[in-house]
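Okay, structure first, notes after.
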Amino acid sequence: MQLKQLLDSPCRLRYMIENLDVHSRFSRRLLLDSEMMTEAIIIENNYRILKAFHNVVIEKQSRIPIQTLQSKLCRLKGIPSTIGRLAGREILDDIELFEIKHLALLSSEICQSMATLGLETVVSIPDLEEVVRILDPDGMRIATFLIYDSYSSELKKLRDNMKNSEVFLEDVFIKASAIEDEIREELSLKISAFATEIDQAQQAMANIDINLAKAQQMVALDLCFPSISFDKQTSYEGLFHPEVKAILQQNNKDYQAVDIQFEQKPTIIIGANMGGKTVVIKTLALCQYLFQFGFGIPAHAAKIMIQSDVYCTTSDEQSIDKGLSSFAAEMKNIDTIIKKAREGSSILALIDEPAKTTNPVEGTALVSALVKILQDKDISLVLVTHYNINGYHNRCLRVKGLVNGKMNYALVEAHEGEVPHEALNIAESIGIDSEWISNAKEILNN
Amino acid sequence: MPFINELIKHSSCSIVGLEKNTGKTVCLNYVLRRLPLDKKTIAVSSIGIDGENTDQVTLTSKPEIVLRKGMFFATSEKHYLMRRLVSELVDVSDENTSLGHVVTAKALTPGKILLSGPSSGTGLKRWMDSIKDFGIDLIIVDGALSRMSLASPAISESMILSTGAAYSANINTLVQKTAFVVELINLEKTSESNCRIMDQINNGVWALDQEGLLHDLKVSSSLSTDLKIDFESCRTLFVNGALTDNFLKHIKQNRVFKEAELVVRDFTKIFATPLVLKSFVSVGHPIRVAQKSKLIAVTVNPTSPNGIVLDSDKLCKTLSEAIQLPVYDLMKN
């Protein structure tokens, strides 16, 4: 799964990507095209690099060298098609040769900046000095290009002729063009030997850009480095959703971070309305993606197990373009999860209030049956429900709920069948019509 | 030629043709040939494709653009590779055209090029801002067919207008039509405070009342005349998009706008016909622009692509009298 395919996931991964200060358009494209990592060694290596950048970002004296590096990264332009043509030993035109020279000069400047920051061994950029030498015969080290006079004395003679003339000399121009063509062929051939290095340098510079942006995001949003869990357990301390937190902060409200831990079996979250259960589901999905794309994690501490895939269904989904009702869309999504579980893949399934749009009798039956069949599968399931699911001995968490008229969002261990009845109290606390609520209470009591 | 001296006083100039084949490219080459390169560094570009050997629309032959040593130019990748001069590539921008990225280069020898610069007004503005790093003193922009709105004064400080038999084959009509455009170009610039208000408005029609409060009239463009008016009397009316006959008639009839000043972004946004515009101004409504470029000269091409040739002397004389500006036939000179 590529990052760009997940941008519109309900967990709001888009928020994190839009908040990432990547300086080159090429780096952003490379990031969006990146695949979700599923191997521990790759994830570990990725965080090792990020850690090095993070160490630099938190140093006060690095501020100016980082700004210098970023202003250089702004100039990074992806030239994959030019490099492709170079690797295919085709003859490059002046514009393509300019692009290569520009990239080679830039890579040497960025190497210097990386050395200033002490990061030269963290991401290594291949040495392209030989390429610079070929495309900059006069040693000017300026990012401009033409077939220089110094490539051929004959060309220089013809050029001087043209330069001294006030009018366009067609015959001389044609002769000079023929020599230029030969030089272009020769230059292309010489540089083609470096096609792999040029490509690697381009990717390395984009990686520097991405890692620097990730490290800065970690500091800005107070994110943590996760550790990889190998004991089929995922746990978060002080988990928060960065976007929700930012919105609350704008309104001068505090975000209550929560702790949660779950294993490779169903965990059911119950609790009062407005208890932040959906936010927990979305945050868990977000964290899993952030972990497997190598970002900082929005928590104080996190130990996360690697999943081959993440499924997150929220109750507000509707598939208008497919002509499905909310119920049908939800059923289809859960059906996919069951199929994946049967195939034996290790996935994280996050289901928010399944079957809530249908009648409670059938709804309860559907959810109970779902939990029952997923119970012995190798998947991590976190399911939110208001239905009373009894008798399956699942782990159950409850939102603490209203304490002294104030919502406490903490998750605590609960027993099955302990579905709270706080809907009326909460409705009352937010000032809903009192006649309606008292009538409802009467009906309940009868 | 006298207008070159005037031209070099400005930092940018667009050459706008009222119609294809009104001699715009001839005018450009004329200017480029005469600019004093020892004193000024010049850069040339165009809006969209220009400088083809053959006109893309009428298939008539067209002159190429001739550059001199030391001039900078921006063109598309495709046209850069077809250049007939020695040049040093200084930048490949992210600006994209149908013929590839826009590249900027410096001519090291005299020669001919095909010009095809950024295809939008904002793209051109970005290029003009970026090229200042090379110490450019004067930027010449070549407009193109029916792209008057892109060669808007927001982009260039000054302007040269090309007109001719291709615009109208009748001298009187040609003079009348050209004089109207000149009148629009010469519309007075509004006050600095009004300009600042215009900068903040991105769309719609807004009114400044006598108390100095700004009201959004909730119209998406002036094509719509459904105005939401919740104030007594309007001092200044700001119109963002096109100014049409319909809108002017509507405003004229409404007492709220009695004697209100009407401000448009620049002259290219005025699509009203001469008669309606004149009758609007005659009842006491001044029309002013927020951005204005100085009209330096008007050039004429008395020959049209379908073979009609007008009397050059008569055309220059009549037009010059009508617009009170010097008019040049560059084909003759």
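Chain naming here is simple, since letters A, B, ... match the order of the sequence lines and numbering starts at 1 in each.
- A:K163 contributes no side-chain N or O that, together with a main-chain N or O of B:K69, makes up a donor-acceptor pair within less than 3.5 Å.
- Contact residues of residues 84-91 of chain B toward chain A are B:R84, B:L85, B:V86, B:S87, B:E88, B:L89, B:V90, B:D91 (heavy-atom distance under 4.5 Å).
- When the shell of 6.0 Å around NZ of A:K175 is examined, it contains 12 or fewer heavy atoms from other residues, nucleotides or ligands.
- Side-chain contact check for A:R25 versus B:D94: some heavy-atom pair is nearer than 4.5 Å.
- Around NZ of A:K157, the count of heavy atoms belonging to other residues, nucleotides or ligands within 6.0 Å does not exceed 12.
- By the neighbour-count criterion of 12 heavy atoms within 6.0 Å, atom CD of A:Q2 is densely surrounded, having more than that number from other residues, nucleotides or ligands.
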**Message:** Set out, in order, the CA-CA distance, both residues' side-chain angles and the distance that settles side chain to side chain contact (heavy atoms under 4.5 Å, CB included) for B:E77 and A:D94, then state yes or no.
**Reply:** CA-CA 10 Å; B:E77 280 183 62; A:D94 286 9; over 6 Å; no
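- Atom CD of A:E99 sits about 7.0 Å away from atom NE2 of B:H101, to the nearest 0.5 Å.
- For chain A, the nearby part of B:V103 is the side chain; its heavy atoms alone come within less than 4.5 Å.
- Under 4.0 Å is where a charged nitrogen must lie from a carboxylate oxygen, and between A:D93 and B:K78 no such pair does.
- At most 12 non-hydrogen atoms from other residues, nucleotides or ligands lie less than 6.0 angstrom from NZ of B:K106.
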**Request:** Could you please spell out the steps behind the side chain to side chain contact (heavy atoms under 4.5 Å, CB included) verdict for A:F168 and B:V66?
**Result:** CA-CA 9 Å; A:F168 178 65; B:V66 184; over 6 Å; no
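- At a 4.5 Å heavy-atom cutoff, B:T104 makes no contact with chain A through either its backbone or its side chain.
- Only the backbone of A:S165 has a heavy atom closer than 4.5 Å to any heavy atom of chain B.
- Surrounding CD of A:Q67 are more than 12 heavy atoms belonging to other residues, nucleotides or ligands, all under 6.0 Å away.
- Atom CG in B:L81 sits 8.0 Å away from atom CD in A:E96 (nearest 0.5 Å).
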